[in-house]
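What follows is one structure encoded as structure tokens, with my remarks underneath.
Note that ligands are numbered from 1 as they come in the structure, with each ligand's atoms numbered from 1 the same way. Residue numbers start at 1 and run along the sequence shown. Since the structure is predicted, the reported quantities are computational estimates derived from the model, not experimental observations.
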Amino acid sequence: MTTHKIDTKISVGSHLMQNFSEKLKELNPSSVVCLIDCTILKLYGNTINSGFKKLGVVASVIPVSASEKSKTLNGDLINLINQIIEKDVERKSVFLSIGGGTVTDLGGFIGSVLLRGIKTVYIPTTLLGMVDASLGGKTGVNVQNNGMLYKNMIGTFYQPEIVLCDTDFLATLPQKELKSGIGEIVKYFVGWNSPKLLDIQSIFNNVKSGQTLRPIIEACQKIKMEIVASDPNETGQQREKLNLGHTIGHGIEGEKNGTVSHGVAVVWGLLGESYMSMLDGYLSKEEFEKIKMSILSLHIVNSITFSTPKVLDIMQKDKKNKTYVAIKKIGITLPGVKINPDNLKKSLAFLNGNKNL
Ligand SMILES: NC(=O)c1ccc[n+]([C@@H]2O[C@H](COP(=O)([O-])OP(=O)(O)OC[C@H]3O[C@@H](n4cnc5c(N)ncnc54)[C@H](O)[C@@H]3O)[C@@H](O)[C@H]2O)c1
Ligand SMILES: [Zn+2]
């Protein structure tokens, strides 16, 4: 397996925001343009502004709301670009994004095309951002067409220079978003047997003392960055493994229309795809029960009802969904497995309204 050097400097820990300007100075910027989630600006504005004061160059702060509309080309994005070009941007400027995946996807995209690409830095503030969205170089914005929202339809592969994960941000993260991040961590557990289940179980208790989350976040980052380094521009099949749980997960997320968070939908996807792997003959009944009990012990999901035809319809419209990542046992998966429509229907029936999970 060939690997490509990715130079992103990733740091994880608590109190990192007290010195974030020192990190930025390492890039020697002529100015900084900062896109920031307006909730984060409200909660952490003092720390962030005092960091900018120590920077020694102009820092222009542009607040955005963390909504899909903000990252939609024919939504709010044009206004945002107009605001940015009025700032002091040049080739040696740094484009900083502070927020969850919505803001880092958007800021990463803008930074990657602004003046044909300037240096970008991410400060993720959600658990999902720290373990997934801020890593790997995928940037993206949406397009609205004929009443349909095409998510991440326009984007680039562009690696940030620095990703700074201050776990102190997680203390204010709403439970729904925390669960969403944990959902994505469960994917790493099922697919790579890391982090350990006990560690994942401890997240709810440890979120207020951020430092203890560091090893869990780092374990996930290590998995993702190794895969990304082997296939940075997704030309092969390696990165597909990261879609574990997402084939059925996306169908359920779409059907639930925002009421189930992305990461929680992925957990349902992991359960459904484990069942499908068993029906397809890849996973033993014992190993399936082990995965099921492990997932249920986290109390992130209990029961769900949905319209199966609608889930199937959403899955069919997603062109990536002809195959799925089958599970052979915890830690061993097989990407590119063709979906058997009967087994898919049985797997959705297993999830739908099942109170005995
Ligand atoms: N590029 C990638 O590889 C990749 C991977 C996964 C997801 N994504 C993208 O990430 C986006 C979802 O991002 P997300 O789940 O990180 O959430 P988000 O950015 O949508 O934020 C969720 C909510 O949490 C709030 N919030 C963020 N940090 C907070 C904090 N510390 N305290 C209080 N509130 C806070 C936000 O204001 C928002 O209301 C989607 O657009 C998805 O497409 C990208
Ligand atoms: Zn995901």
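Within ligand 1, counting atoms from 1 as listed, the ones closer than 4.0 Å to a heavy atom of Thr39 are 34 (N), 37 (O). Proximity to Pro174 (heavy-atom distance under 4.0 Å) selects the following atoms of ligand 1: 33 (C), 34 (N). If you number the atoms of ligand 1 from 1 as listed, the ones under 4.0 Å from a heavy atom of Asp132 come out as 5 (C), 6 (C). Those atoms of ligand 1 with a heavy atom of Lys224 less than 4.0 angstrom away are 3 (O). Applying the 4.0 Å criterion to heavy atoms of Thr172 picks out, from ligand 1, the atoms 30 (C), 31 (N), 32 (N), 33 (C). Against a heavy-atom cut-off of under 4.0 Å, Thr126 is close to the following atoms of ligand 1: 14 (P), 16 (O), 17 (O), 27 (C), 28 (N). Under a 4.0 Å criterion applied to the non-hydrogen atoms of Ile40, ligand 1 contributes the atoms 28 (N), 29 (C), 30 (C), 31 (N). Using a 4.0 Å cut-off to heavy atoms of Phe169, the atoms of ligand 1 that qualify are 30 (C), 31 (N).
Heavy atoms of Thr102 found under 4.0 angstrom from ligand 1 belong to the backbone as well as the side chain. For Arg239, no heavy-atom contact with ligand 1 is shorter than 4.0 Å. When heavy-atom distances to ligand 1 are checked against a 4.0 Å cut-off, Lys71 comes that close only through its side chain, counted from C-beta outward. Contacts with ligand 1 closer than 4.0 Å are made by no heavy atom of Ser65, backbone or side chain. No part of Thr104 comes within 4.0 Å of ligand 1, judged by heavy-atom distances. Looking at Glu68 against ligand 1, only its side chain comes within 4.0 Å, counting heavy atoms. Looking at Asn152 against ligand 1, only its side chain comes within 4.0 Å, counting heavy atoms.
In terms of protein heavy-atom proximity, atom 35 (C) of ligand 1 is nearest to Leu173 CD1, 3.8 Å. What sits closest to atom 39 (O) of ligand 1 on the protein, heavy atoms only, is Ala66 CB, 4.6 Å. Taking atom 9 (C) of ligand 1 as the reference point, the nearest protein heavy-atom neighbour is Asp105 OD2, 3.4 Å. Taking atom 37 (O) of ligand 1 as the reference point, the nearest protein heavy-atom neighbour is Asp37 OD2, 2.7 Å.
Sorting the N, O or S atoms of Glu184 by how far they are from the Zn ion (ligand 2) puts OE1 first.
Polar contact with ligand 1: absent for Leu128 (N/O pair, distance under 3.5 Å). For a threshold of 3.5 Å applied to N or O pairs, the pair formed by Leu135 and ligand 1 contains no separation below that value.
Residue contact check for ligand 1: Glu177 places a non-hydrogen atom closer than 4.0 Å to it.
The closest heavy-atom contact to atom 5 (C) of ligand 1, among the options Pro124, Cys38, Ala133, comes from Ala133. The nearest non-hydrogen atom to atom 19 (O) of ligand 1, considering only Gly100, Gly136, Ser134, Gly137, comes from Gly100. Of the listed options Gly140, Gly183, Gly101, Gly101 places a heavy atom closest to atom 14 (P) of ligand 1.
In this structure, Ile110 is a member of the same hydrophobic cluster as Val64, with clusters built from ILVMFWY side-chain heavy atoms closer than 4.5 Å. Taking hydrophobic clusters as Ile, Leu, Val, Met, Phe, Trp and Tyr residues chained together by side-chain heavy-atom distances below 4.5 Å, Val121 shares a cluster with Ile36. Under the 4.5 Å side-chain heavy-atom criterion for grouping Ile, Leu, Val, Met, Phe, Trp and Tyr, Phe52 is connected to Leu16 within one hydrophobic cluster.
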For this session: Quick one: do Glu161 and Lys9 satisfy salt bridge (charged side-chain N to carboxylate O under 4.0 Å, His left out)? Show the steps, please.
Result: CA-CA 6 Å; Glu161 303 292 319; Lys9 291 193 180 70; over 6 Å; no
Exercise. Is there a side chain to side chain contact (heavy atoms under 4.5 Å, CB included) between Ile84 and Ile62 once you walk through the steps?
Worked result: CA-CA 8 Å; Ile84 292 166; Ile62 304 175; 3.6 Å; yes
For this session: Apply ring-ring contact (aromatic ring centres under 6.0 Å, His included) to Phe109 and Phe95, showing your working.
Result: CA-CA 10 Å; Phe109 174 70; Phe95 203 94; over 10 Å; no
Exercise. Salt bridge (charged side-chain N to carboxylate O under 4.0 Å, His left out) between Glu218 and Lys222: does it pass, once the steps are laid out?
Worked result: CA-CA 6 Å; Glu218 283 178 337; Lys222 184 169 180 285; over 6 Å; no
Problem set entry | Test side chain to side chain contact (heavy atoms under 4.5 Å, CB included) applied to Glu273 and Ser347, step by step | CA-CA 7 Å; Glu273 290 174 25; Ser347 304; over 6 Å; no
Exercise. Checking side chain to side chain contact (heavy atoms under 4.5 Å, CB included) for the pair Gln221/Ile217: CA distance, chi angles, key distance, verdict?
Worked result: CA-CA 6 Å; Gln221 292 181 334; Ile217 295 168; 3.6 Å; yes
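Ion pairing of Glu286 with Lys290 is absent here, as no side-chain N (NZ or NE/NH1/NH2) approaches a carboxylate O to less than 4.0 Å. Looking at Asp342 and Lys346, no side-chain N of the basic residue comes within less than 4.0 Å of a carboxylate O on the acidic one, giving no salt bridge. Using a cut-off of 4.0 Å between Lys/Arg side-chain N and Asp/Glu carboxylate O, Lys5 and Asp7 are scored as salt-bridged.
There is a protein heavy atom less than 4.0 angstrom from atom 28 (N) of ligand 1.
Looking at Arg239, its side chain never comes within 3.5 Å of a backbone N or O of Glu234 through a donor-acceptor pair. A donor-acceptor pair under 3.5 Å is absent between the side-chain atoms of Lys87 and the main chain of Ser31, judged by distance alone.
Exactly one of Ile203, Val267, Ile216, Val207 qualifies for a side-chain contact (heavy atoms from CB on, under 4.5 Å) with Ile182. That residue is Ile203.
Checked by atom type, the side-chain pair His246/Glu253 shows no donor-acceptor distance below 3.5 Å.
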